[in-house]
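Taking it in order: structure first as structure tokens, then the write-up.
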Amino acid sequence: MSSLKRRIAAGIGSTAIVVAGVVTLAPAASAAPSAPAACSTSNAVSKKTAHNGSMYIELRYSTSSRCAWGRISSSNVGNKVWVDRSSNGGSTWTGPMGMTTQQSGSDTHTPAFDDAGYVMRACGFNGTTVCTGWY
């Protein structure tokens, strides 16, 4: 039995599987790949725009972090903005992502999302929904 305890102790960071009295040590799972750097809103440019009445909708993009987010301006409290993200050019998409309701003032924005390998668009709602084109 002490041999079994030594084998298990030697396998710290491993998984010990006991089947019919036989101990098998499997290596621990590799660490997950490191997450990409956090999104930054520096070096931002407007890549796509749309209007919904007087509300201005922008898809903003950071050239330094490759992240995008939606922003609405000339807008009213209660209006909403979100982004959609697609891996196939907009045929299908994930969204709404980061839906944000304007709480005060005349503008608001969504969180920034990594867009590497995707196209994105921003959408705004003020009674009707309007989206920018895909970028």
Side-chain angles (χ1 to χ4, degrees):
M1 190 68 157
S2 64
S3 172
L4 174 62
K5 288 180 183 176
R6 278 195 306 273
R7 290 175 75 187
I8 291 174
I12 292 178
S14 301
T15 303
I17 303 171
V18 179
V19 179
V22 176
V23 176
T24 305
L25 294 177
S30 337
S34 60
C39 284
S40 163
T41 56
S42 63
N43 300 319
V45 293
S46 291
K47 287 299 189 176
K48 295 287 182 174
T49 62
H51 286 88
N52 190 351
S54 63
M55 183 172 64
Y56 188 61
I57 306 159
E58 297 171 86
L59 179 67
R60 302 283 290 165
Y61 177 77
S62 170
T63 57
S64 60
S65 68
R66 295 198 59 183
C67 291
W69 62 97
R71 178 170 75 177
I72 54 176
S73 55
S74 299
S75 182
N76 296 314
V77 171
N79 290 348
K80 299 180 185 309
V81 61
W82 66 90
V83 292
D84 294 327
R85 183 166 66 181
S86 174
S87 61
N88 60 12
S91 296
T92 60
W93 58 87
T94 300
M97 296 171 53
M99 183 176 287
T100 304
T101 301
Q102 185 174 328
Q103 300 297 318
S104 62
S106 62
D107 66 318
T108 194
H109 59 86
T110 70
F113 294 92
D114 178 17
D115 81 337
Y118 298 97
V119 294
M120 294 182 71
R121 69 180 179 184
C123 300
F125 177 81
N126 63 359
T128 59
T129 299
V130 173
C131 298
T132 66
W134 294 98
Y135 172 80

The test is side-chain contact (heavy atoms from CB on, under 4.5 Å); show your working for Asp84 and Cys123 and say whether it passes.
CA-CA 8 Å; Asp84 294 327; Cys123 300; 3.6 Å; yes
I would like to know whether Trp93 and Trp134 meet side-chain contact (heavy atoms from CB on, under 4.5 Å); could you show each step before the answer?
CA-CA 11 Å; Trp93 58 87; Trp134 294 98; 3.6 Å; yes
Dump the intermediate steps for side-chain contact (heavy atoms from CB on, under 4.5 Å) on Met120 and Leu59, then the final yes or no.
CA-CA 8 Å; Met120 294 182 71; Leu59 179 67; 4.3 Å; yes
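Expressed to the nearest 0.5 Å, how far CD1 of Ile72 lies from CD of Glu58 amounts to 10.5 Å. To the nearest 0.5 angstrom, Ser54 atom OG is 8.5 Å from Asn79 atom CG. Atom CD1 of Ile57 is separated from atom CG of Asn52 by 5.0 Å, given to the nearest 0.5 angstrom. Atom SG of residue Cys67 and atom CG of residue Asp115 lie 7.0 Å apart, to the nearest 0.5 angstrom. Here Asp114 contributes atom CG and Arg85 contributes atom CZ; the two are 6.5 Å apart, rounded to the nearest 0.5 Å. Expressed to the nearest 0.5 Å, how far CZ of Arg60 lies from OG1 of Thr110 amounts to 11.5 Å.
When all heavy atoms are compared, the tightest approach of Ser46 to Thr49 is CB-CG2, 4.4 Å. Listed here is the closest heavy atom pair of Met55 and Ser75: SD-OG, 3.4 Å. The two residues Ala112 and Thr41 have their closest heavy-atom pair at CB-CG2, 4.4 Å. Here the closest heavy-atom approach between residue Trp82 and residue Pro96 is recorded as CD1-CB, 3.1 Å.
Here Arg66 pairs with nothing under the side-chain hydrogen bond (donor to acceptor under 3.5 Å, both in side chains) rule; sequence neighbours left out. Shown here are the ring pair (Phe, Tyr, Trp, His ring centres under 6.0 Å) partners of Tyr56, two or more places apart in sequence or in another chain: His51.
In the hydrophobic cluster analysis, where Ile, Leu, Val, Met, Phe, Trp and Tyr join through side-chain heavy atoms closer than 4.5 angstrom, Val130 is grouped together with Val81. Both Met99 and Phe125 are assigned to one and the same hydrophobic cluster, defined by single-linkage of ILVMFWY side chains at heavy-atom distances under 4.5 Å.
In this structure, a donor-acceptor pair under 3.5 Å is present between the side chains of Ser64 and Ser42.
Within 6.0 Å of the OH atom in Tyr61, the count of heavy atoms belonging to other residues, nucleotides or ligands exceeds 12.
Formation of a donor-acceptor pair under 3.5 Å by the Thr108 side chain with backbone atoms of Gln102 is not found in this model. Side-chain atoms of Thr132 come within 3.5 Å of backbone atoms of Ala122 as a donor-acceptor pair (strictly under, hydrogens ignored). A donor-acceptor distance shorter than 3.5 angstrom exists from the side chain of Ser62 to the backbone of Ser40, with no hydrogens or angles considered.
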